Asker: 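The structure under discussion is supplied below as C-alpha cells; questions concerning it will follow.
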Amino acid sequence: MKFNKHLEDIKTYEAGKPIELVVREYGIDAKDIVKLASNENPYGCSPLVKNSVSDIVSKMALYPDDSMFKLKAALSAHYEIQDENIIIGSGSDQVIEFAVHAKASLGSKILMNSITFAMYEIYAKHVGAQVIRTSAQEHDLNEFYKLYLEHKPEIIFLCTPNNPTGDAIDAKELFDFISKIDNDTLVVVDGAYMEYSAYKDENKKVQPRELLEKFDNVLYLGTFSKAYGLGGMRVGYGISNSKIIKELYKLRPPFNITTLSLEAATVALRDKEFVNKCIASNFEQMKRYEEFAKEQKIDIIKSYTNFVTLCLNDSQNSSHLSRELLKKGMIVRDLSSYNMNAIRVTIGTKEQNSRFFELFLEII
Ligand SMILES: *Cc1c(COP(=O)(O)O)cnc(C)c1O
C-alpha cells in the first residue's frame, strides 16, 4: 500500500520510556525504578487537583465543555489576556501541529534551532515543508536572522528555554529579533519551561501578554505537563492574536480535552504556591548536579529548566551509559539521536537525584 510520501523520512517520536516498560523488560520492581527522562514534575501536582478531580466521575458520561470556559477564564486571568487569545490543545504538542498545518504546506520553509524539540520537524514533514536549521548549539538570533533573510520561512520556532539543552534566550533579544520579522512569518515561542526560567532569571522571562501587545505574528505556547505536574493529563495552550487563534481553531478536533483534564488544569493554575515550591526545590537540587559534574569533570549546560544536559567525555558513551542506567532501573534520556554524546536528566527529588549519582558512579 502506498502512503503519503511526506511521511517517508519521518522518524517516529521516541517518548521517554515509561516505568511499566522497564518493569516488563528488566523485571525490576516498579518501586525501584526512577524515571528522570521526560522532564515531569517529581513532586507531582497540587493536592488541590487530587481533591477536585474525584468529583468528575459523576460527569464522565457527558461530553466535555467544548468552549473550555473555566480553563480559558483561569488562563486569561493568569496571563492578563482575553479568552479570544487562547486555544487549548491536547498538550502544547497539538497546538504545534495546528500551527504547522495552518501556516505551512508542500514547499514551505520552517526555521528552527540546530538542536531543539523533535516534534517541530515531525509536524513540518507532515505537510512536506522544508526544515532549515541553524548551526550553533544554542539559539543564536543573529544566525536566525541571516537564515530568515535568506529563506523567508513561513514559520520560525524559538524554544526558550530550549529542550533538550536547557539554555534560554534573553527576553530583550527575543523582542528585538521578532520586531525585525515580517508579519507574514509566524514566530512560535515555545515556553514549555518558562515557569522555570522566569523564576531563575528575570531577563529570561517572556510574557505572552507583552508579545500580544507588540506583535501580530507570534504564537506563544505553554503546557501543564512540566511545572504543573500534569503530564498525564495532556493539556497545553497557545496564546496569540485572535485572528491567528481563529485559524488554528479550524484544525481543532471537537472535544480535544477531556473533562478530567480541563478540571485538573484549571485547579492546578490556582495553586501558585505549590508550583513555586516545586520550582525552588528544582533549582536547589540542580546545584547538586552542577557540583557532581564539576567533580566528575563533565560539562553541564547552564540550565533554566527542570533538567540538566550532561555532555560526556570522549571516554564515555551516552548510549552505553543510558542502557546501563536503565538496567539498574534509572531512566534518563540519551541524546545520541541529536548527535550529542550527552544525556538529559530530569531533576528529581533529593532521593532520586542521590540514586542517579550513585548509579552513575557505579557504571563509570
Ligand atoms: C514537553 C514539551 C512540550 C509539550 O508538552 P505537552 O506535554 O505536549 O504539552 C512542548 N515543547 C517542549 C519544548 C517541551 O519540552
Side-chain angles (χ1 to χ4, degrees), residues 13-18 35-42 44-45 68 71 75 86-100 110 112-124 133 137-139 155-169 174 187-198 204 206 208 219-240 248 251-253 256-258 260-262 264-266 268-269 275 279 282 301 303-309 332-333 335 337-338 344-347:
Y13 182 78
E14 204 187 309
K17 289 190 169 45
K35 184 186 181 203
L36 299 178
S38 300
N39 308 337
E40 294 132 329
N41 185 338
C45 66
M68 309 190 198
L71 180 54
L75 280 168
I86 303 171
I87 185 165
I88 315 283
S90 174
S92 57
D93 240 300
Q94 193 179 35
V95 186
I96 300 171
E97 182 183 14
F98 296 161
V100 172
I110 300 184
M112 64 188 73
N113 202 50
S114 60
I115 295 173
T116 194
F117 191 48
M119 290 311 298
Y120 307 153
E121 172 161 2
I122 291 181
Y123 291 126
R133 287 183 188 273
Q137 181 175 287
E138 299 193 359
H139 283 72
I155 305 176
I156 302 174
F157 278 104
L158 300 172
C159 188
T160 184
N162 191 26
N163 180 8
T165 47
D167 56 290
I169 305 172
L174 181 93
V187 182
V188 179
V189 177
D190 186 344
Y193 303 93
M194 190 58 73
E195 290 85 1
Y196 295 96
S197 59
K204 310 281 187 188
V206 177
L219 171 66
Y220 177 90
L221 302 175
T223 179
F224 286 92
S225 299
K226 310 290 162 59
Y228 288 95
L230 292 176
M233 288 284 102
R234 313 300 307 124
V235 194
Y237 49 90
I239 298 175
S240 187
L248 301 186
L251 292 148
R252 187 188 69 99
N256 57 328
I257 316 294
T258 68
L260 190 63
S261 299
L262 286 170
T266 305
L269 207 51
V275 171
I279 296 176
N282 175 70
I301 301 175
S303 171
Y304 294 86
T305 63
N306 64 343
F307 59 83
V308 286
T309 302
V332 301
R333 188 74 151 174
L335 297 184
S337 64
Y338 292 88
R344 191 192 69 194
V345 186
T346 303
I347 297 169

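Read the numbers this way: they start at 1 and go in the same order the structure lists the ligands and their atoms. Quantities reported herein were computed from a predicted structural model and do not represent experimental measurements.
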Asker: For the residue pair N163 / R344, report whether a side-chain donor-acceptor contact shorter than 3.5 Å exists.
Answerer: yes
Asker: Sort out for me which residue in N41, N282, L36 forms a side chain to side chain contact (heavy atoms under 4.5 Å, CB included) with N306.
Answerer: N282
Asker: Working to the nearest 0.5 angstrom, can you tell me the gap between T305 OG1 and K204 NZ?
Answerer: 12.5 Å
Asker: Does any N or O atom in Y193 lie less than 3.5 angstrom from one in ligand 1, N or O only?
Answerer: yes
Asker: What atoms in ligand 1 come closer than 4.0 Å to a heavy atom of S225?
Answerer: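 Near S225, the atoms of ligand 1 are 6 (P), 7 (O), 9 (O).
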Asker: Hey, which atoms in ligand 1 end up nearer than 4.0 Å to a heavy atom of G91?
Answerer: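 Result: 6 (P), 8 (O), 9 (O).
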Asker: Please tell me if the side chains of Y228 and E195 come closer than 4.5 Å, counting only heavy atoms from C-beta onward.
Answerer: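 Contact flag for Y228/E195 side chains = yes.
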Asker: Need the ligand 1 atom indices (1-based, order shown) with element for anything under 4.0 Å from a heavy-atom of D93.
Answerer: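 That gives atoms 8 (O) of ligand 1.
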Asker: Within the 4.0 Å heavy-atom shell around C159, which atoms of ligand 1 are there?
Answerer: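 Selected atoms, number and element: 13 (C).
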Asker: Using a 4.0 Å heavy-atom threshold (strictly under), name the region of N163 that reaches ligand 1: side chain, backbone, both or neither.
Answerer: side chain
Asker: Could you pull out the closest heavy-atom pair between S240 and L219, with the gap in Å?
Answerer: CB-CD1, 3.8 Å
Asker: May I ask you to identify the nearest protein heavy atom to atom 1 (C) of ligand 1, giving residue, atom name and distance to one decimal place in Å?
Answerer: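 I find the closest protein heavy atom is K226 NZ, 1.4 Å.
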Asker: Side chains of N256 and S90: donor-acceptor distance under 3.5 Å anywhere?
Answerer: no
Asker: Compare every heavy atom of V100 with every heavy atom of Y123, then report the nearest pair and how far apart it is.
Answerer: O-CG1, 3.4 Å
Asker: Can you find a non-hydrogen atom of G231 under 4.0 Å from ligand 1?
Answerer: no
Asker: I'd like to check L75 versus I239 (side-chain heavy atoms, cut-off strictly below 4.5 Å). Are they in contact?
Answerer: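 No; the side chains remain at least 4.5 Å from each other.
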Asker: Indicate, as side chain, backbone, both or neither, the part of R234 found under 4.0 angstrom from ligand 1 when only non-hydrogen atoms are considered.
Answerer: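 Contact part for R234 vs ligand 1: side chain (C-beta onward).
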Asker: Which residue supplies the protein heavy atom nearest to atom 4 (C) of ligand 1, what is that atom called, and how far is it?
Answerer: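 The closest heavy atom on the protein side is S92 OG, 3.1 Å.
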Asker: Number the atoms of ligand 1 from 1 as they appear, then name those within less than 4.0 Å of a heavy atom of T223, with their elements.
Answerer: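 This gives 5 (O), 6 (P), 7 (O), 9 (O) as the contact atoms.
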Asker: Among all the protein's non-hydrogen atoms, which is closest to atom 11 (N) of ligand 1, and how far away is it?
Answerer: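 Looking only at protein heavy atoms, the one closest to atom 11 (N) of ligand 1 is D190 OD2, 2.6 Å.
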